[in-house]
Amino acid sequence: MSKANDDTRPVRGMRDLLGQDSAGFDTVVDTLRKVAQSHGYSHIETPILEFSSLFARSLGEDTDVVGKEMFSFIDRAGQSVSLRPEGTASVVRAIISNGLTQKLPQKLYYWGPMFRYDRPQKGRYRQFFQFGVENLGEGAPLSDVDIVSLAYNGLTRLGIKSKLFINSIGDQASRSAYKAKLVEYFSKYEKDLSEDSRRRLTTNPLRILDSKEANDIRLVATAPSISDFLTVEAAAFFERVLNGLGTLSIDFSIDRTLVRGLDYYDHTTFEFKADIDGQSLAIVGGGRYNGLVEQMGGPHVPAVGLAFGIDRIMLAYDASKLLAPPLIAVLFVAKGDEPMALELAQRLRKKFNVVFPVEGNLGKRMKQCNAAGASCALILGEDEIAKNFVTCKFLKDGPGYTSGLERAVSGDTLEEFLTQTCFSGPNT
Ligand code: HAM
């Protein structure tokens, strides 16, 4: 089979997560779930496949995500469906189709795979994972502060160094005035703009600020600033968001060009960026989207949300912190000792993670314990069973023990012993 047809490779831009990567993934999702719950969010699960028109209407026809990056296809019933490129549109759809716009606020979190047909590179995949939260129904600036602080708390708990960039793109009135000024400015340089930006000059001038083309970026640097066009109300709203962040001592930089890559935002937009192998990449992105529910056919519902990029967080995460919780191994010596060992493994699983290798002789099973990364092996033989103790052999160096050390431990105090030894270290 030629390399191009080798179907044992994953599809370009998609990858398997194994070993350290999958352990890191679990840690990140578990941590973010706890943080989202601590802010009063509950779980929502939406389908991975939605009608293509849902994304076109909500994210904007003219965005890169909709125009160039969707995995769309015609299903067997002849309908155009797409793999979700993000989660907000689906959550809004779910709120409307389940009649939840009558029960506000809805504070929901979700995580899972998203799909964008972008050029794959480090930190940019065609299948990637997000952890998102959406607050539907709350319109006060303090809700924006709460969302930003949720991101801050999640990243802090994961020990990730990042910088917060924040902006306000104002309300509709602010943006209409600003767009007119932008068109006036960029029209002067029309021939220098990229093809996409030239088109967006008439379709969606704000999108030019988000261009990745070098020439466009140069022109954006001296473009008029949204700050001069915010209405009094929009400026006051932004001020209150920034004051709230000040109260929480969350540092930020204002980035007047931060419009984000999706069309549904208004007022607050923000990103947390981290340095990943010398590249500054957004690891969290979000903002307010007061108009979206109504635009999708529901009532007026103010909303604000964000999504963490799990893949990028894993790249920014210190791998040394990815230690899984300590693992205990239970080993029987001879066949006759099996039932007692089986019972012991079952008993210890109430408190600990336990491996219980069952194939091969004792030496081979001991190797399996080492390969699994167990901190210690609890050995049960005839003698141990007769005298109600286990032989604990440490397989790693730890706070109160070294690899190779053996201890006879009474069966009655085993849990206490394990808690004090293997579980007293920094990785518990
Ligand atoms: P987004 O900025 O498009 O926002 O994506 C959020 C995060 O997902 C990014 O900051 C980045 O970390 C990660 N991400 C995006 N594309 C890729 C990719 N190709 N490979 C790896 N990671 C990627 C949204 O999706 C909005 N739905 C966020 C939101 C929720 N706004 C309001 N509510």
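Positions are given from 1, in the same order as the sequence printed here. Every number for a ligand or one of its atoms is a count from 1 in the order of the listing.
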Could you tell me whether F131 and Y109 have their ring centroids closer than 6.0 angstrom?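 When the ring centroids of F131 and Y109 are compared, they turn out to be within the sub-6.0 Å range.
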Run the numbers for me: atoms of ligand 1, each under 4.0 Å from some heavy atom of [X], listed by number.
| X | value |
| --- | --- |
| G286 | 31 (N) |
| I283 | 10 (O), 12 (O) |
| R124 | 19 (N), 20 (N) |
| G285 | 10 (O), 28 (C), 29 (C) |

Is any side-chain N of the basic residue among D118 and R124 closer than 4.0 Å to the acidic one's carboxylate O?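 Looking at R124 together with D118, the answer is yes, because their closest N to O distance falls below 4.0 Å.
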Should the pair Y401 and F394 be assigned to parallel (<30°), tilted (30 to 60°) or perpendicular (>60°) ring geometry?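 Y401 vs F394 ring planes: parallel.
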Taking both backbone and side-chain atoms of Y264, is any N or O found less than 3.5 Å from an N or O belonging to ligand 1?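 Between Y264 and ligand 1 (N or O atoms, distance only) the closest approach is under 3.5 Å.
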Ignoring angles and geometry beyond distance, decide whether E134 reaches within less than 3.5 Å of ligand 1 through its nitrogen or oxygen atoms. yes
Among Q130, E86, R84, R260, whose heavy atom sits nearest atom 5 (O) of ligand 1?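 Closest candidate by heavy-atom distance is Q130.
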Selected option - heavy-atom contact closest to atom 21 (C) of ligand 1, from G87, G309, G132, G123: G123
Where's the contact between R126 and ligand 1, heavy-atom distance under 4.0 Å: side chain, backbone, both or neither?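 Neither; nothing of R126 gets under 4.0 Å from ligand 1.
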Can you confirm if the NZ or CZ of R365 lies within 45° of the ring axis of F332 and under 6.0 Å from the centre of its six-membered ring? yes
Just one of D171, D144, D266, T269 clears the side chain to side chain donor-acceptor pair (under 3.5 Å) bar with R288, so which one?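 For R288, the side chain to side chain donor-acceptor pair (under 3.5 Å) check succeeds only for D144.
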Give a yes or no answer on whether the side chain of E86 reaches the backbone of A89 with a donor-acceptor pair at less than 3.5 Å. yes
Among protein heavy atoms, which lies nearest atom 9 (C) of ligand 1, and at what distance?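 It is A282 O, 4.0 Å.
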